[in-house]
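Notes for the one structure printed next.
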Amino acid sequence: MKLRHFYGAVASCWASLFLLVASGWAQEAVNPFRIGLPQDWTQRHIIFSRDGLQSHPELVGKEPRIAHSAMQRWRSTRPDFNAAGSTVNLAAPQRDWNVTMGGRLAANMFPAKYSFDPAAAPDCTNDYVVFALNVAGLTGGRANFVGFNNLYVGAGGLCGAGPAPNTMFAYNTTTVGAGRIATSPILSADGKKIAFVETGATSSVFHVLTWASGAGTIAASVVPASMTSLTYAAAAPNTRSSPWVDYTTDTAYVGADDGKIYKITGVFKGTPALAGGIWPITVSANIRVTAPVLDNRLGLVLVGSQNGTFYSINTTSGVVKSLVVGRSGGTNPGILAAPIVDVTNGTSFVVSSNDGTSGVLVEVDTATMTELAKGRVGIASKSGTAISLYEPAFSNDYYNDPTTGVVRLCGTGNVADISPWQYAFGGFTLVGGKFVMNTTPVFSAQLLTSTAARCTGWTEFFNPNVGAAPGTDFFFFGLTADCTGPGTSGCVVARNSDLSVNTADVTGGPSGIVVDNFSTAGQASSIYLTGFRAPDLALKFTQNGLN
């Protein structure tokens, strides 16, 4: 399939406003840092619509994740994308790369990718990806925090034939007994610092690492020369709550297994410190919470809990509101993945595998914490078997016009069928000023007949340079076993706009998936992940064809 340069008619005059506002944010909010493009777990948890941003243009300046996504979807700012149509063929046979690290990411946790300059071509030296490994008791010099550059290697690759990237840094970041990194890291706007949580047996430590190129190797790691450490939960580990950073205030929100949400100030531009006053705030005492997501427009932190309840926290008053989504007392009712928040529609989306009847995708009025719509996604954990369901992903059409968009996710079959299925809900209708999901799926299909295979969370990425105009809307997810038959490996899956599917073997299925560019340069539009079983590999595949 040849790439064709295309950027659609939606690149109208108001889209230029996004770029101007984003530029203003870069100069004012993160000064003196130079703005780059962090791509981590948080990008897919803030969504919006084109018309919604016209009504709330201030959000582009307050939330850089919106500016980045708007540029990617509606207007190219990279010179190498503005040339004549490309003849690069990303579907041709190419090599992915894999590097043995001695560890892997925890379930549904993500690497983080940094692009040095969103207004320039991909950079072999300054673009990097970092993997925070869920390993404790490091021995023999092994690393648990590894970064790579020279990413775009492989046959026809921008950075050469490879066969592998360069190890940019390799650290042992452990500071407490049995310390490990069970959640996802988050990057500073200039890419020079990385925030993450180390969880010990009984405590949680918030670290900010200033990395140095050439520090250590995977087999012979070094202790960071510059890393701040703040024990924010002295009596509770952190199993599931990745930190969320509000770049405009240099503030982080993060949870722990004590069911509290903590606020940390001075994250990247100062010295990290616990906020006082109303913080920390308990939402579900001694019950694990998800990563939080900040709705900057409403001033609310949204977070789910293992008890199946969805919570909002007013960041000024500390008032907590809640909605029961999964039924406590049943098998695995918890909300396991962070919510997805539409900041222009005033709605949030969460998933539970057991509401007392089935697995569900629920749309919630963010301000009032009332249920707007509930889509059922199979029997799931109501079957009595614990089935973990994770985050959905929204189509590019949703960002253009919610009435034409869909949200996709995994569930199971109905009645006694616990094999993995895929579902799509669409037909968002304007009701009371909000776009509300149709509760009847517009699409459902069995992925595998296997009852041993489980499905991971979904990641969406619109690439305007792949396929016929206007481009290809990719959905990436994984299956944990039996991809090519009983007893075979897990796999990563790429679902394309034309409903075609590509798969590539990944032992045990993939971790969370981070997507980088839509460049036409060889090997420069890729995805990054680890497998969930040995061997402990960092993996890169091209978006188009998973080569």
Test log, rule side-chain contact (heavy atoms from CB on, under 4.5 Å), inputs N108 and L336: CA-CA 9 Å; N108 204 47; L336 305 182; over 6 Å; no
E198/T173 under side-chain hydrogen bond (donor to acceptor under 3.5 Å, both in side chains): CA gap, chis, key distance, verdict: CA-CA 8 Å; E198 177 188 1; T173 62; 5.6 Å; no
Residues N134, R180; criterion side-chain hydrogen bond (donor to acceptor under 3.5 Å, both in side chains); working and verdict: CA-CA 5 Å; N134 184 32; R180 58 193 176 90; 2.7 Å; yes
Evaluation steps, side-chain contact (heavy atoms from CB on, under 4.5 Å), between I46 and V293: CA-CA 8 Å; I46 289 287; V293 175; 3.9 Å; yes
side-chain contact (heavy atoms from CB on, under 4.5 Å) assessment of F541 paired with L529: CA-CA 9 Å; F541 297 96; L529 56 130; 4.0 Å; yes
Check against side-chain hydrogen bond (donor to acceptor under 3.5 Å, both in side chains), T344 and D342: CA-CA 6 Å; T344 56; D342 186 332; 2.8 Å; yes
CA sep, side-chain torsions, deciding dist, call: I47, I340, side-chain contact (heavy atoms from CB on, under 4.5 Å): CA-CA 7 Å; I47 61 173; I340 292 181; 3.9 Å; yes
D401/T403 under side-chain hydrogen bond (donor to acceptor under 3.5 Å, both in side chains): CA gap, chis, key distance, verdict: CA-CA 5 Å; D401 178 0; T403 64; 2.8 Å; yes
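You'll find the side chain of Q446 reaches within 4.5 Å of the side chain of W421, heavy atoms only. Side-chain contact check for V493 versus L479: some heavy-atom pair is nearer than 4.5 Å. Side-chain contact between P392 and W458 is absent, with no heavy atoms from C-beta onward closer than 4.5 Å. For the pair F532/V506, no side-chain contact is recorded, criterion being any heavy-atom separation below 4.5 Å from C-beta on. Within the 4.5 Å cutoff, the side chain of M227 has heavy atoms near those of the T175 side chain. Looking only at side-chain heavy atoms (C-beta outward), R454 and I387 come within less than 4.5 Å of each other. Inter-residue side-chain proximity for V130 and F145 is flagged as met; some heavy-atom pair is nearer than 4.5 Å. With a 4.5 Å cut-off on side-chain heavy atoms, K113 and V515 do not count as touching.
Ring geometry, Y247 versus F268: the interplanar angle falls under 30°, so the pair is classed parallel (tilted spans 30 to 60°). Aromatic ring orientation, W74 versus F48: perpendicular (interplanar angle above 60°, classes split at 30° and 60°). Relative ring orientation between F474 and F476 is described as parallel, the plane-to-plane angle staying below 30° on a 0-90° scale split at 30° and 60°.
Looking only at distances, a side-chain donor or acceptor of Q43 sits under 3.5 Å from a matching main-chain atom of D40. At distances below 3.5 Å, not a single donor-acceptor pair connects side-chain atoms of D482 with backbone N or O atoms of S450. Remark: side-chain polar atoms of S49 are paired, donor with acceptor, to backbone N or O of G52 under 3.5 angstrom. Put simply, the side chain of T488 gets close to the backbone of C483: a donor and an acceptor are under 3.5 Å apart. Within the 3.5 Å criterion, the main-chain N or O of G191 finds a donor-acceptor partner in the side chain of W211. Of the possible polar contacts, one joining the S497 side chain to the D473 backbone as a donor-acceptor pair under 3.5 Å is found. A distance-only check finds no donor-acceptor pair linking the side chain of Y171 to the backbone of A215 [under 3.5 Å]. One N or O on the side chain of T542 and one on the backbone of N547 form a donor-acceptor pair closer than 3.5 Å. When atom types are taken as modelled, the side chain of S221 and the backbone of R142 share a donor-acceptor pair closer than 3.5 angstrom. Within the 3.5 Å criterion, the main-chain N or O of V466 finds a donor-acceptor partner in the side chain of T472.
Across every non-hydrogen atom of I194 and F196, the tightest pair is O-CD2, 3.9 Å. Here the closest non-hydrogen pair linking S242 and S184 is OG-N, 2.9 Å. Of all the heavy atoms in A252 and F206, the pair that sits closest is CB-CZ, 4.1 Å. Shown here for P402 and F428, the closest heavy-atom pair between the two residues is O-CB, 3.3 Å. Closest non-hydrogen pair, G157 versus Q523, comes out as CA-CG, 3.7 Å. Here the closest non-hydrogen pair linking N144 and N172 is OD1-CA, 3.6 Å.
To the nearest 0.5 angstrom, I527 atom CD1 is 8.5 Å from T459 atom OG1. Remark: I181 CD1 to N238 CG distance equals 11.5 Å, nearest 0.5 Å. Note that the CD atom of Q39 and the NE2 atom of H68 stand 8.5 Å from one another [nearest 0.5 Å]. With rounding to the nearest 0.5 angstrom, the OH atom of Y152 is 8.0 Å from the CG atom of L158. The structure places OG1 of T290 at 8.5 Å from CZ of R240, a figure rounded to the nearest 0.5 Å. For the atom pair C124 SG and N166 CG, the distance stands at 9.5 Å (nearest 0.5 Å).
In this structure W41 satisfies the ring-ring contact (aromatic ring centres under 6.0 Å, His included) test together with H45, W244, sequence neighbours excluded.
For the pair R495 and F443, the distance from NZ or CZ to the six-membered ring centre is under 6.0 Å and the angle to the ring normal is within 45 degrees.
No option in T530, D536, L539 other than T530 meets the side chain to side chain contact (heavy atoms under 4.5 Å, CB included) test with F131.
The ring of F477 has its center no closer than 6.0 angstrom to the ring center of F475. For F394 and F349, the ring centers are positioned less than 6.0 Å apart.
Judged by distance alone, the side chains of D397 and S395 never bring a donor and an acceptor atom under 3.5 Å apart.
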